[in-house]
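For reference, the structure discussed in these notes is given below.
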Amino acid sequence: MSEPVVTRFAPSPTGFLHIGGARTALFNWLYARAKGGTMLLRIEDTDRERSTQAAIDAILDGLSWLGIEWDGETIYQFARAERHREVAEELLAAGRAYRCYASPEELAEMRESARREGRAKLYDGRWRDRDPAEAPAGIKPVIRLKAPLDGETAIEDLVQGRVTWQNRDLDDLVLLRSDGTPTYMLAVVVDDHDMRVTHVIRGDDHLTNAARQTHIYDAMGWSVPAFAHIPLIHGPDGAKLSKRHGALGVDAYRAMGYLPAALRNYLVRLGWSHGDQEIFSTEEMIAAFDVSRIGRSAARFDFAKLESLNGHYMRNTADAELLAALEGALPYLPDGPDVAAKLDAPLRAKLLAAMPGLKDRAKTLIDLITGAAFVLAERPIPIDDKARALLTPEAQTLLAKLADAFEAVEPWSVEALEQTVRAHAEDAGLKLGQVAQPLRAALTGKTTSPGIFDVLVVLGRTESVGRMRDQGRVAAVA
RNA sequence: GCGCCCAUCGUCUAGCGGUCUAGGACGUCGCCCUUUCACGGCGAAAACAGGGGUUCGAGUCCCCUUGGGCGCGCCA
């Protein structure tokens, strides 16, 4: 009965896809999926000076890493400039727009006096009804919209509610620049209309634009789409999260070892809620999502929560799948390429075996690599200071004896190993921990690791005994 | 300066006039589990910005103040 939902994500390729843009894309995508509609992607590349192919690639790459897929062909706004110009001419012909010959200096003056006199409207409309015959020679005009002078303009925002402006505060915006290129305001309206966009979901930094864009829709006699202006994401300090303030691109989150599913889950809960639910599978998100549940206040970005969520997702990912995710992320992670270079079938098998113990202790894929260092290390393995301190002469003696015992343990299993170690500890009058810690130090070079018997099993008899002998010492020598 | 938006624990949020002595999650702090570290379990501290209304009754509605944000380009 009602028309199918069409949303769009419309980034300008002047930088990477930052976290706010990623969430906007996510919301557009979720809404379209939730309503059985489509999400379109439009690259707003009309600023020829600042748009770059690198930025376009980064945005596309970021979206696909996040698992956000758009429908249909990517639309490039600049390619539609001719159509935008047409609409401007149409408006001009219909008397809904006019040529303005004001110079930059005049404009600056107008702005200054408006500000001085406390007026909202910056451009005074001096060419609005002026005879074109008075046009100064040799000056290329811009085309401005004849915006309504009185009354008010309102939008029924799906998130913000009814928002109203007095038309006397809104001036005649430029549609076409003096060089004949369309402005953003014109291009957005024409494209959204031509693309049959039904729902414009974007950051609330565009809220004021909605009023002015409404004027263009009205002038063309087009129906205005539904707006949903979502609150912005701020940095931990409450200031705007933007490129200028050190915000990160989504590629940075990939490089920090976050899983796309975790980032999606974190992002969806920033501004949107579904009762007390914190964890959402993609299917659940789609089923539960609605713009009416989006809050109106800005949120601060909290790395601690993202990290916690990421840990949750890692623990709940099957070992093989997590290993695959790790391998896929290796090219982007610090030291990742080194790991990738030495990753062969036997090593992969060891990592897989170690994964249950590793993933419980990791919040990010970087943690996973750090934790897996003992698997990756080659004899003689590096021993850190805290581990070194554990390797006292007594401990070294113990390790040597234990190594002898390990030669004979059958089978090489957690159970058999534990039995052997406990027996040794008892004989020596030591607690299990007093034996386990030096053992851990010799085997992993650290004071923390997965369960020590799991470590032994993952490493195998030869490697384990070898590492123990590297650190061990027979009593007679000491 | 002008316009618009926002305001519940440190953070993300639940709350849609009475069930709120305000719930959940992250973080913090205890305790338990324990071979380390995690994980897990249990528990604690922690918020309705302030002031006026409306109402029998306000975190929930209205107004003001304060605080924050966004916008005000021939950028997008």
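Just so it is clear: chains get the letters A, B, ... in the order the sequence lines come, proteins before strands, and each one is counted from 1. Quick caveat: nothing in here was measured; it's all calculated off a predicted structure.
- Note: CG (Leu358(A)) to C1' (rU36(B)) measures 14 Å, nearest angstrom.
- Across all strands shown, rG1(B) forms a Watson-Crick or G-U wobble pair, both distances under 3.5 Å, with rC72(B).
- For rU36(B), neither phosphate oxygen OP1 nor OP2 lies less than 4.0 angstrom from any side-chain nitrogen or oxygen of Thr447(A).
- Between the P atom of rC72(B) and the CG atom of Asn209(A) lies a distance of 7 Å, rounded to the nearest Å.
- A side-chain donor-acceptor contact under 3.5 Å links Lys359(A) to the backbone of Thr317(A).
- For the C1' atom pair drawn from rC2(B) and rC61(B), the interatomic distance equals 29 Å after rounding to whole Å.
- A donor-acceptor contact closer than 3.5 angstrom is absent between the side chains of Asn28(A) and His199(A).
- Base pairing analysis places rU19(B) opposite nothing; no Watson-Crick or G-U wobble pair with both distances below 3.5 Å involves it.
- Without hydrogens or angle criteria, Asn310(A) side chain to Lys363(A) main chain gives a donor-acceptor distance under 3.5 Å.
- Side-chain contact annotation: His229(A) with Arg202(A), donor-acceptor N/O pair under 3.5 Å present.
- The side chain of Asp360(A) sits closest to rA38(B) out of rA14(B), rA38(B), rC70(B).
- Of the two residues contacting RNA chain B, namely Glu418(A) and Leu176(A), the nearest-nucleotide position lying further toward the 5' end is that of Glu418(A).
- Of the two residues near RNA chain B, Pro450(A) and Asp45(A), the one whose nearest nucleotide lies more 5' is Pro450(A).
- In the region residues 264-272 of chain A, proximity to RNA chain B at under 4.0 angstrom, judged on heavy atoms, holds for Arg269(A), Leu270(A), Gly271(A).
- For the pair Arg461(A) and Phe406(A), the NZ or CZ position fails the cation-pi test of under 6.0 Å to the six-membered ring centre and within 45 degrees of the ring normal.
- Across every strand in view, rU60(B) sits unpaired, with no contact that passes the Watson-Crick or G-U test at under 3.5 angstrom.
- The distance between atom CG of Leu439(A) and atom P of rC37(B), rounded to the nearest whole Å, is 16 Å.
- Straight-line distance between the C1' atoms of rC74(B) and rC70(B): roughly 23 Å, to the nearest whole Å.
- Residue Ser273(A) is classed as a sugar-phosphate contact, given heavy-atom separations below 4.0 Å to backbone atoms only.
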For nucleotides 3-5 of chain B, print each protein N/O atom paired with a nucleotide N/O atom at under 3.5 Å, atom names and distance only.
{"unit_1": "rC5(B)", "atom_1": "O3'", "unit_2": "Gln160(A)", "atom_2": "OE1", "d": "3.3"}
{"unit_1": "rC5(B)", "atom_1": "O2'", "unit_2": "Gln160(A)", "atom_2": "OE1", "d": "3.1"}

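- Remark: of the listed residues Arg212(A), Arg144(A), Arg128(A), Lys146(A), Arg128(A) is the sole one forming a salt bridge (charged side-chain N to carboxylate O under 4.0 Å, His left out) with Asp172(A).
- When rounded to the nearest whole Å, the span between CE of Met110(A) and P of rC74(B) equals 10 Å.
- Rounded to whole Å, the P atom of rA25(B) lies 15 Å from the corresponding atom of rC39(B).
- For Arg422(A), the listed nucleotide lying nearest its side chain is rU35(B); candidates were rA25(B), rU13(B), rU35(B).
- Atom NE2 in His312(A) sits about 20 Å away from atom P in rA38(B), given to the nearest Å.
- Among rC26(B), rG40(B), rU35(B), the nucleotide with an atom closest to any side-chain atom of Arg440(A) is rU35(B).
- Side-chain proximity of Arg293(A) to the nucleotides rC39(B), rA14(B), rA76(B) is greatest for rA14(B).
- The closest donor-acceptor contact from the side chain of Arg23(A) to the backbone of Leu270(A) lies under 3.5 Å.
- Of the candidate nucleotides rC70(B), rU11(B), rC6(B), rU11(B) has the atom lying nearest to any side-chain atom of Asp302(A).
- Atom CZ of Arg361(A) and atom P of rA38(B) are 10 Å apart (whole Å).
- Of the listed residues (Tyr253(A), Phe280(A), Phe301(A)), just one forms a ring pair (Phe, Tyr, Trp, His ring centres under 6.0 Å) with Tyr266(A), and that residue is Phe301(A).
- Distance noted for atom C1' between rU54(B) and rC64(B): 15 Å (whole Å).
- With distances taken from any side-chain atom of Arg300(A) to the nucleotides rC74(B), rA76(B), rC12(B), the minimum falls on rC12(B).
- Look at CD1 on Ile19(A): it is 15 Å from P on rC12(B), rounded to the nearest Å.
- Listed for the Gln277(A) side chain is a donor-acceptor partner under 3.5 Å among the backbone atoms of Ile279(A).
- As judged by a 4.0 angstrom heavy-atom cut-off over every strand, His229(A) is placed among residues making no nucleic acid contact.
- Using a 4.0 Å heavy-atom cutoff across all strands shown, Thr46(A) reaches sugar-phosphate atoms only and no base atom.
- Contacts of Phe289(A) classified as ring-ring contact (aromatic ring centres under 6.0 Å, His included), with partners at least two apart in sequence or in another chain: Phe27(A), Trp272(A).
- The partner of rG67(B), taking Watson-Crick or G-U wobble pairs whose two distances both stay under 3.5 Å, is rC6(B).
- In this structure, OH of Tyr98(A) is placed 13 Å from C1' of rC74(B), rounded to the nearest angstrom.
- In terms of phosphate contacts, Arg144(A) brings a side-chain nitrogen or oxygen within less than 4.0 Å of OP1 or OP2 of rC74(B).
- When the P atom is used for both rC4(B) and rA44(B), the distance is 47 Å, rounded to whole Å.
- Spacing of P atoms, rG10(B) relative to rA46(B), comes out at 10 Å, to the nearest Å.
- Between the side chain of Asp47(A) and the backbone N or O of Arg50(A), at least one donor-acceptor pair lies under 3.5 Å.
- Nucleotide rG40(B) has rC32(B) as its partner under the Watson-Crick or G-U criteria, with both atom distances under 3.5 Å.
- One finds a side-chain N or O of Arg315(A) lying less than 4.0 angstrom from the OP1 or OP2 phosphate oxygen of rG40(B).
- The gap from the C1' atom of rA45(B) to that of rU28(B) amounts to 9 Å, rounded to the nearest Å.
- Base-pair partner of rU54(B): not found among the strands shown (Watson-Crick or G-U wobble, both distances under 3.5 Å).
- Put simply, the side chain of Asp45(A) gets close to the backbone of Gln77(A): a donor and an acceptor are under 3.5 Å apart.
- Between the side chain of Asp205(A) and the base of rG71(B) there is no donor-acceptor pair of N/O atoms closer than 3.5 Å.
- Of all nucleotides listed (rA76(B), rU13(B), rU36(B)), rU36(B) comes nearest to the side chain of Thr448(A).
- Residue Lys363(A) has no polar side-chain atom (N or O) positioned under 4.0 Å from OP1 or OP2 of rA38(B).
- Judged by distance alone, the side chain of Arg96(A) and the main-chain N or O of Leu91(A) form no donor-acceptor pair under 3.5 Å.
- Looking only at distances, a side-chain donor or acceptor of Glu106(A) sits under 3.5 Å from a matching main-chain atom of Ser103(A).
- Nucleotides rG27(B) and rG71(B) place their P atoms 33 Å apart, quoted to the nearest Å.
- In the set rG69(B), rU35(B), rA14(B), rU35(B) carries the atom at the smallest distance from any side-chain atom of Ile452(A).
- In this structure, Ala441(A) reaches neither bases nor backbone, as no heavy-atom distance under 4.0 Å exists between it and the strands shown.
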